[in-house]
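Whatever order the structure lists ligands and atoms in, that order sets their numbers, starting from 1. The shown structure was predicted, so the numbers you read here are calculated from the model rather than taken from an experiment. Below, all heavy atoms of this structure are taken into account, side chains as well, without hydrogens, waters or symmetry copies.
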Amino acid sequence: MPHWLITGGAGFIGSNFIRLALAREPEVRITNFDLLTYAGRPETIADLAGEPRYRFLRGDVCDAGAAGAALRWEGSAADAVVHFAAESHVDRSIADGEAFVRTNVQGTQTLLQAARRAGVGRFLQVSTDEVYGSLGREGRFREDSPLAPNSPYAASKAAAELMVRAAVETYGLAAVVTRGSNTYGPFQFPEKLIPLAITHADTGREIPLYGSGDNVRTWIHVDDHCGGILAALRRGRPGAIYNLGGGEETSNRELLERLLAAMGKPSRLIRPVADRPGHDFRYALDCGRARAELGWTPAVRLADGLARTVDWYRGHAAWVASACDREYEAYRERQYPSLASQPAETTAP
Ligand code: NAD
Ligand code: TYD
């Protein structure tokens, strides 16, 4: 039975990917290899525990011994690696980039070496459109657009991609890279904009909007993103890069207004705050290659995806409460010192 090693499978996209792969690939066994950092939560993967084609191993992608052991199941090496594990939040990388270089760059290199030594046939690097840097009002990034990352997070992801490229060119590793756009959906840690807005609005807290709020993102539902990663794993050309972008461009202000309207909450909860340093103005992707070569195109409309995501967060209060622990509260106080720490509705006159 084929065996896939999924790193970072206790996080947002990785956990959704594992559920999709177990459902769509009945012949595949999956090892979930994850360090369980603040973003990787046991509750996120609790439902997978009894699944016979699945096992969880806690470990660090920077630990060559642990990564090598995770690649073996009953003596045989993994057939494929899908590498999600990363430090993923731009604001945390601006505060301190060390962990981003360690996990995202060194961790990718360690995993690439372990995969090569084990003779793994396929390696999928989950990357991001942020490696391209920022666009003005016009144009879209293609896979051959230059790399021009602006945040420490984006730079670490670009560096990781270059280590993957080197492994393809030097050792003939059959690796594929996907560059996904801003993703939303169930199990996303509440520090990211959409779950932050949902959880703040539902507790009457203000929602920080950086700078002018005119920055543009193309949000992709996690089901679409995972479908694209699976298609790239199955059908992508070795050495190729595939953009996986959502369809609708939205400014951050418009996104929050639509989200609050869908939740039945007032837009006065939106609170302009200081801009993020080096804040990329706009991301937009040309996804023609993924459409032509993988037969992939996103299916979830933003309005439907947002409504489903609101329902999910409202229906998973225990998960939200566990994620919003004391460490997260301390992070929030550091990141948003100008925001009232008390819920806005209780402090408003
Ligand atoms: P996440 O922060 O929700 O999850 C990351 C997971 O990696 C966590 O489970 C964490 O415990 C694990 N991890 C962190 N350091 C580790 C280490 N040293 N060893 C093993 N595991 C470790 O991230 P996400 O949003 O699910 O993103 C997954 C991947 O997709 C990342 O590579 C990210 O760069 C990429 N990506 C994310 C988005 C997005 O909008 N979220 C968009 C495009 C690409
Ligand atoms: P985020 O979810 O952090 O993703 P990324 O930085 O990878 O794009 O942020 C999405 C956009 O929302 C980005 O333009 C920054 C902005 N933003 C806010 O305005 N307020 C916030 O509190 C957060 C977390 C993000």
Side-chain angles (χ1 to χ4, degrees), residues 6-17 32-42 44-45 57-63 66-67 70 82-94 99-100 102-104 106-108 110-111 125-131 134 150-151 153-154 156-157 160-161 178-185 187-197 200 206-220 222 225-226 229 244-246 250-253 255-256 270-276 278-283 323 332 335-336 339:
I6 313 295
T7 71
F12 165 45
I13 309 177
S15 63
N16 280 281
F17 181 83
N32 179 1
F33 182 62
D34 193 299
L35 188 56
L36 298 180
T37 67
Y38 78 94
R41 312 205 61 87
T44 296
I45 48 170
L57 297 178
R58 185 174 191 184
D60 188 339
V61 288
C62 300
D63 177 342
V82 187
H83 182 32
F84 291 92
E87 289 292 334
S88 68
H89 193 41
V90 172
D91 291 328
R92 290 189 193 246
S93 82
I94 292 169
F100 290 74
R102 181 183 180 278
T103 292
N104 301 1
Q106 188 197 321
T108 299
T110 301
L111 194 65
Q125 173 70 7
V126 181
S127 192
T128 165
D129 59 1
E130 301 193 25
V131 298
S134 185
N150 291 320
S151 71
Y153 162 70
S156 72
K157 293 295 291 186
E161 276 197 31
T178 57
R179 292 179 179 156
S181 69
N182 284 73
T183 309
Y184 69 101
F187 296 110
Q188 187 168 32
F189 193 75
E191 66 192 351
K192 305 289 194 329
L193 182 64
I194 288 178
L196 181 144
H200 276 216
E206 293 173 319
I207 301 156
L209 177 65
Y210 296 163
S212 66
D214 293 334
N215 304 64
V216 173
R217 300 290 183 265
T218 45
W219 294 91
I220 184 172
V222 69
H225 193 167
C226 289
I229 292 168
L244 301 174
T250 321
S251 76
N252 292 337
R253 179 180 295 281
L255 176 86
L256 290 182
I270 299 171
R271 167 80 175 275
V273 298
D275 207 355
R276 170 188 278 175
H279 194 175
D280 286 338
F281 175 66
R282 176 171 165 262
Y283 303 137
R332 225 170 0 186
Q335 182 65 26
Y336 305 113
L339 237 62

Any side-chain donor near an acceptor of the partner, His200 and Arg332, under 3.5 Å =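 The criterion, which ignores hydrogens and geometry beyond distance, is satisfied for Arg332 and His200.
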Within-cut-off N or O pair, Pro208 and ligand 2, under 3.5 Å =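 N/O-N/O distance under 3.5 Å: yes.
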Hey, does Trp219 come in under 3.5 Å of ligand 2, counting only N/O atoms on both sides?
->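 The answer is no, given that Trp219 and ligand 2 share no N or O pair closer than 3.5 Å.
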Looking at [atom], what's its closest protein heavy atom, distance included?
atom: atom 38 (C) of ligand 1; answer: Ile13 CD1, 3.7 Å
atom: atom 13 (C) of ligand 2; answer: His279 NE2, 3.5 Å
atom: atom 23 (O) of ligand 1; answer: Ser88 OG, 3.3 Å
atom: atom 7 (O) of ligand 2; answer: Glu130 OE2, 2.3 Å
atom: atom 34 (O) of ligand 1; answer: Tyr153 OH, 2.6 Å
atom: atom 9 (O) of ligand 1; answer: Asp34 OD2, 2.6 Å
atom: atom 30 (O) of ligand 1; answer: Val126 CG1, 3.4 Å
atom: atom 2 (O) of ligand 2; answer: Leu193 N, 3.1 Å
atom: atom 21 (N) of ligand 1; answer: Leu35 N, 3.1 Å
atom: atom 29 (C) of ligand 1; answer: Phe84 O, 3.2 Å
atom: atom 19 (N) of ligand 1; answer: Val61 N, 3.0 Å
atom: atom 25 (C) of ligand 2; answer: Tyr210 CE1, 3.6 Å

Candidate list Thr108, Asp129, Val131, test side chain to side chain contact (heavy atoms under 4.5 Å, CB included), partner Lys157, passing option |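 Going through the options one by one, the only one that passes is Val131.
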Would you mind listing which atoms of ligand 1 come within a distance below 4.0 Å of any non-hydrogen atom of [X]?
X: Asp60; result: 17 (C), 18 (N), 19 (N)
X: Gly59; result: 19 (N), 20 (C)
X: Gly11; result: 3 (O), 4 (O), 8 (C), 9 (O)
X: Lys157; result: 31 (C), 32 (O), 33 (C), 34 (O)
X: His225; result: 43 (C)

Heavy atoms only: which of [options] lies closest to [atom]?
atom: atom 44 (C) of ligand 1; options: Gly180, Ala154, Ser127; value: Ser127
atom: atom 9 (O) of ligand 2; options: Arg276, Lys192, Gln335; value: Arg276
atom: atom 16 (C) of ligand 2; options: Ile270, Val216, Asn252; value: Asn252
atom: atom 5 (C) of ligand 1; options: Ala99, Gly14, Ala86; value: Ala86
atom: atom 4 (O) of ligand 2; options: Asn182, Val273, Asp214; value: Asn182

Row check, Tyr210 ring normal vs Arg276 NZ/CZ: under 6.0 Å, within 45° |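 No, a cation-pi geometry is absent between Arg276 and Tyr210.
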Flag this pair as yes if the NZ/CZ of Arg92 is under 6.0 angstrom from the six-membered ring centre of Tyr38 and inside a 45 degree cone about the axis; otherwise no.
->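 Geometry flag: set, cation within 6.0 Å and 45°.
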Could you tell me whether [X] and ligand 1 have an N or O pair separated by under 3.5 Å?
X: Phe33; value: no
X: Thr128; value: no
X: Thr183; value: yes

Can you tell which part of Glu191 has a heavy atom less than 4.0 Å from ligand 2: side chain, backbone, both or neither?
->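 Under 4.0 Å from ligand 2, Glu191 contributes backbone atoms alone.
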Region of Tyr336 engaging ligand 2 - heavy atom pairs below 4.0 Å |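 Answer for Tyr336: side chain.
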So is [X] touching ligand 1 or not, going by heavy atoms under 4.0 Å?
X: Phe189; answer: no
X: Ser15; answer: no
X: Asn182; answer: yes
X: Gly9; answer: no

Interfacing atoms of ligand 2 (cut-off 4.0 Å, heavy-atom, [X]):
X: Leu209; answer: 19 (O)
X: Val90; answer: 6 (O), 7 (O)
X: His89; answer: 3 (O)

Using a 4.0 Å heavy-atom cut-off, which part of [X] comes near ligand 1: side chain, backbone, both, or neither?
X: Arg41; answer: neither
X: Ser181; answer: backbone
X: Leu36; answer: backbone

Ion pair present between Arg102 and Glu87, side-chain N to carboxylate O less than 4.0 angstrom?
->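 So Arg102 does not pair with Glu87 through a salt bridge.
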Going by an N to O cut-off under 4.0 Å, is there a salt bridge joining Arg253 and Asp214?
->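 No.
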Looking at CD of Glu161 and CZ of Arg179, how far apart are the two atoms once the value is rounded to the nearest 0.5 Å?
->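 That separation rounds to 4.0 Å.
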Is there a side-chain contact between Thr110 and Asp63, using heavy atoms and a 4.5 Å cut-off?
->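 Thr110 vs Asp63: side chains apart.
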